[in-house]
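Scroll down for the structure; my scribbles are underneath it.
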Amino acid sequence: MRIALGQLWQETNTFNPLPTTRADFEQFGVLRGAEMIAAMSDTNELGAFIQSLRAWPERPELVGLVRLPAWPSGTATNETFRWLLDEIVNSLKRELPVDAVLLALHGAMVADGAPDVEGEVLAAVRQLVGPKIPIVATLDLHANVTRKMVESSDALVLFHTAPHIDVFETGLRGARVLRRVLVEGAKPKTAFQKIPMVVPAERANTQNPESVSYAFREHLQALEHDSRVLTAGLATVQPWLDIPELGTSVIVTTDGEADLAEGLCREFSQSVWRRRRDYLPELVPLEEAVRRAHDHSDGLVVLSDSADATTSGAPGDSNWVLHELLKYKWSGPVLVALVAPEVVSAAAKAGVGAELTTPLGGVRDNRFSHPITITARVERLFESKFVISGHLAKNLPIDMGFSAVLRSGDVSILLTTRSGPHFAPEFFRAAGFDPFTARVLVAKSPCGFRAAYQSHAREIMVVRAPGCAPSDFWHYEYRNIPRPLWPWDDDLKF
Ligand SMILES: [Zn+2]
């Protein structure tokens, strides 16, 4: 028994003007064949696939295809898309025949000329292996699931959580579904419902009992405890995708019971639709948020700069929050991060201890913010290299490149060469800070940061500031989305 494993991971934000290229994947860490199996055996979904399959009594042969990961960013170039597809197709062709294919995908990747990258990938894999070989893929909760993805696979297994703390667990669930199909003879019957709505991420917290998504997660997990159900998922979609099939999706796959799948899917879709307004977040105007943070005499205040969330594919060089923070005198460390390769180079050239006057921010994206001039001391130079676990990851190596800390009063500005998890405690520690004892920490993340900070923070505020990943996205220009779609069209019936 030979089972092929592979990964394609990138979340696209079509508002980010920076294209995603082959170099972004190569920098993050492309791995192939046996090297991939060895390196990824305890990391994210691939690690869960590998550990699951190794525990099967049938002792299947693990066939490593390719791991293709890149950090969330702008639309991929068409050349990059063709390279990715070639990598997957050629690696599989070389290994045929296989008895099954298990893929870890994101589900919200867009390339020039290919708005449904994962649909194209799954269709190409199906074309190669034929209709009888099981194909199971895992997807992020923010996937934009399409008909093509559903029709080209036997089952799509979605994350159940946001913050995404079940990445590894989803890999285990994916391998379990494959086992039921491949070894135990289950006959997958999938119901797929597109709900004409797109919701902000801020309140889609599946771990907070007060959040609308909490009960939905519990419901889906209960469905999966029913042995007739192979998998059940809700994808609330990445909102910043200007593409034809944008929308929330529900998928239910049963063992041979098409009517059951349809009924469960329809009923669940209606309950999600009914609660759509509960997803609208309360944003705090930037000036008010910073003033309130300043008013607290102690304790950690976390400000979510969700519109420039690097985990949402935004460029990470919006300076709105920094600009506001610099207006105050603080009584302890204030930590704010930006992607600014030119300023990192200038800081390295000036040297630790030097004073630097430099434009900062508004370069990678210059529509939503513009450079401001700051004067600060170069406090530290470091490598943003660490391993993250928690939201998004289990044991995932990250390398955001050469980095610098600039200091202006109590405000420490962490500048990286590349984008990455500008919310992760491991990132702040790599820069030499204890994130939990800061006065203020700015997380470029809409929701996932809560997994690390909720229990440490005196107050958390999601600020209203401009950026490529705004919460009120329906006020921005989309040209290609299907209409009617809520909340663009408020009077829509479903
Ligand atoms: Zn996600």
Side-chain angles (χ1 to χ4, degrees), residues 7-16 20 28 44-45 48 69-74 103-110 117-118 137-146 149 156-171 173-174 197-208 211-214 216-217 220 233-241 243 246-251 272 279 281 304 306-314 316 388-394 396 398 419-424 443-452 462 468-471 473:
Q7 181 179 43
L8 172 61
W9 181 74
Q10 200 261 354
E11 181 178 55
T12 300
N13 177 322
T14 64
F15 286 87
N16 183 339
T20 296
F28 200 94
N44 283 12
E45 302 94 322
W71 192 258
S73 187
L103 296 175
L105 305 175
H106 184 286
M109 184 172 176
V110 174
V117 168
E118 284 87 347
T138 56
L139 297 174
D140 190 280
L141 184 139
H142 298 105
N144 186 56
V145 186
T146 63
M149 290 160 72
L156 297 171
V157 180
L158 275 85
F159 293 174
H160 280 153
T161 66
H164 303 324
I165 51 173
D166 67 337
V167 176
F168 189 81
E169 170 63 24
T170 303
R173 287 165 49 229
M197 63 179 250
V198 179
V199 297
E202 284 81 354
R203 292 185 72 190
N205 186 337
T206 60
Q207 307 313 107
N208 177 355
S211 161
V212 50
S213 279
Y214 186 88
F216 293 152
R217 173 186 55 77
L220 293 166
L234 165 67
T236 49
V237 84
Q238 152 90 335
W240 308 282
L241 296 173
I243 54 169
L246 185 69
T248 295
S249 307
V250 174
I251 312 177
V272 174
Y279 279 100
S304 157
S306 62
D308 192 37
T310 43
T311 51
S312 305
I388 58 168
S389 287
H391 169 53
L392 279 179
K394 181 185 180 196
L396 181 68
I398 297 287
S419 188
H422 286 95
F423 73 91
K444 285 191 186 284
S445 156
C447 178
F449 71 94
R450 289 179 188 269
V462 183
C468 288
S471 305
F473 46 83

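Bear in mind that the values here come from a model prediction, so they are computed numbers and not experimental data. The first residue of the sequence shown is numbered 1, and numbering continues consecutively from there. Numbering of ligands and ligand atoms starts at 1, following listing order.
None of the N, O or S atoms belonging to E11 lies under 2.8 Å away from the Zn ion (ligand 1).
Considering CG of N144 and CD1 of I243, their distance stands at 4.0 Å, rounded to 0.5 Å.
If you look at D140 and ask which of its N, O or S atoms sits nearest the Zn ion (ligand 1), the answer is OD1.
Every side-chain hydrogen bond (donor to acceptor under 3.5 Å, both in side chains) that T146 has, sequence neighbours left out, goes to D116. Qualifying side-chain hydrogen bond (donor to acceptor under 3.5 Å, both in side chains) partners for S211, counting only residues two or more places apart in sequence or in other chains: none.
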| task | Please test V250 against L234 for side chain to side chain contact (heavy atoms under 4.5 Å, CB included), starting from the C-alpha separation and ending with a verdict. | result | CA-CA 5 Å; V250 174; L234 165 67; 3.9 Å; yes

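With the Zn ion (ligand 1) at the apex, H164 NE2 and H142 ND1 define an angle of roughly 100° (rounded to 10 degrees).
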